[in-house]
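To start, the structure under review is shown below, and the notes come after it.
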Number of protein chains: 2
Amino acid sequence: MNLQSEQADTKDSILNAAECLFAEKGYSGTSLRVLTGKAKVNLAAVNYHFGSKQALLEAVIKRKITPLNQIRRKRVEEVRRQARKEGRRPDANDILYAFIEPTLRFRENERGAKDFVTFIGRSFADPDDTVRKIFFRFIQPMFQLLLEAMREALPHLSENIIFWRLQLSMGALFHTLHICEDIDMDHLNIKDLDADSMVNLILPYLSAGMKS
Amino acid sequence: MNLQSEQADTKDSILNAAECLFAEKGYSGTSLRVLTGKAKVNLAAVNYHFGSKQALLEAVIKRKITPLNQIRRKRVEEVRRQARKEGRRPDANDILYAFIEPTLRFRENERGAKDFVTFIGRSFADPDDTVRKIFFRFIQPMFQLLLEAMREALPHLSENIIFWRLQLSMGALFHTLHICEDIDMDHLNIKDLDADSMVNLILPYLSAGMKS
DNA sequence: TGTAGATTCATACAATTGATTAAAACACAT
DNA sequence: ATGTGTTTTAATCAATTGTATGAATCTACA
């Protein structure tokens, strides 16, 4: 067995560099050479430690999405539980808040989380199909939970409508979080907005749309 | 000078194949070999007729975006003119309708337009920066017009807010139009929805969000 | 200190990329 | 029919891609 910290250093360097570069240039747009260059490790290190570029992608996603989804799931279910306890339907706004607030908080606090969230937005359109598939596998249960909760909150709307309004919400959210890294308009600063301000910016929009 | 129809056939074959493949796999994900293969022309034809892959991209975008933007601009300005004539502010819903309805109508009617609209959604996240830049150049004036119109319609909101709500709207719209090609859920069919149904699905959401 | 196992390293591999070239094939006016 | 300018074709270019290999280096325990 080797010294833990050494191995961890290399693996973590690769994961961190991948997270950053995947956010900036996408999975398909990032070569292992610039990736290992940024991580300051040998080119072969990726295949040695992860097996392949695709396996690295899975590791990058899993590392961040697992704890994030855990929080979001807890928060959403807490909203449903609270509503049930009070004998009423959950509110769509509360559900969205329970999903969005941890996402943006996470994005603000955790190291590299901003890159990761940007990466999510990018992945929906990656040239490589496997990227979408892998992401889908990790996101699907969370989306399903949101769907259930929203059906409770908005019983007068068909499942069809709710489904597509949730898609619209996801598109709005991740597109905005993705491109806000690109935009550097002088008077329209959002890049450095804190989590609360971003929630205040985005939540009312999504909430109104869901209930419309 | 050569026979017009021959040259046009080759160039158009390339443009059509590019449109389709760019929608399916993105610009960076499409190689000139599979592209010329699909178009049933020689590999060198792209560089001969367009100069480079990037020049082809510009041609693909320009061909469809120019007439589409012309219609949308006319429609949006008609909404503003009508409101001014009646001495009132334009309605946000009318502005959105003037933008979205031609987009979805176009998507439904014109040959290859569905692919093109899908391609737009994909391009926001293409690994190649130049794709985003080229698209931005063509979309920017239209976005600016929407921004102006919305400031008229929603004078109580800051330019900042309107800007980001428009971004949210664009994200919602193009993400949904993009992924709806992927989704084939048995009971949640949207793929073959006609333009009117899609407007009815999307417009209330965006409208409520903008006004929220 | 010496050895076994884990890690790093430089190098090479086959495949694919966009682009270029020169010759062949073509169209058309004279 | 001949010649001219355009288009198509096959072949090749250098560059980049993810991956694989074997030797070198390092770590930890005897």
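In what follows, chains carry the letters A, B, and so on, assigned in the order in which the sequence lines appear, proteins first and then strands, with residues in each chain numbered from 1.
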What is the distance, rounded to the nearest whole Å, between atom [atom1] of [X] and atom [atom2] of [N]?
X	N	atom1	atom2	answer
A:Asn47	C:dA14	CG	P	17 Å
B:Tyr48	D:dT6	OH	C1'	5 Å
A:Leu57	D:dT17	CG	P	17 Å
B:Asp12	D:dT7	CG	P	14 Å
B:Lys53	C:dT17	NZ	C1'	8 Å
A:Phe50	D:dG18	CZ	P	15 Å
A:Lys25	D:dT16	NZ	P	14 Å
A:Leu43	C:dC9	CG	P	11 Å

Sugar-phosphate, base or nothing in reach of B:Thr36, heavy atoms under 4.0 Å: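 Touches nothing.
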Classify the nucleic acid contact of A:Ala44 as base, sugar-phosphate or nothing, counting any heavy atom under 4.0 Å across all strands shown.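 Base contact.
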Going by the rule salt bridge (Lys or Arg N to Asp or Glu O under 4.0 Å), which residues pair with B:Glu19 if we only count those two or more places apart in sequence or in a different chain? B:Arg63, B:Lys64
Between the side chains of A:Ser123 and A:Arg132, does any donor sit under 3.5 Å from an acceptor?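 No, no side-chain donor-acceptor pair sits under 3.5 Å.
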Below the 4.0 Å mark, does [N] have OP1 or OP2 next to a side-chain nitrogen or oxygen of [X]?
X	N	answer
A:His49	C:dT8	yes
A:Asn42	C:dT7	no
B:Ser31	C:dT16	no
B:Thr10	D:dT8	yes

Supply the atom-to-atom distance A:Leu21 CG to A:Tyr27 OH, rounded to the nearest 0.5 angstrom. 13.5 Å
With nearest nucleotides of DNA chain D determined for A:Gly29 and A:Gly51 from heavy-atom distances, which residue corresponds to the more 5′ nucleotide? A:Gly29
Salt bridge present between A:Arg105 and A:Glu101 (N-O < 4.0 angstrom): yes
When the nearest nucleotide of DNA chain C is assigned to A:Ala45 and to A:Arg33 on a heavy-atom basis, which residue is associated with the more 5' position? A:Ala45
B:Phe143, B:Phe119, B:Phe124 screened by ring-ring contact (aromatic ring centres under 6.0 Å, His included) with B:Phe135, the one that passes: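 Of the listed residues B:Phe143, B:Phe119, B:Phe124, the ring-ring contact (aromatic ring centres under 6.0 Å, His included) partner of B:Phe135 is B:Phe119.
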Compare the minimum distances between each of D:dT8, D:dG18, D:dT12 and the side chain of A:Leu32, then state the nucleotide with the smallest one. D:dG18
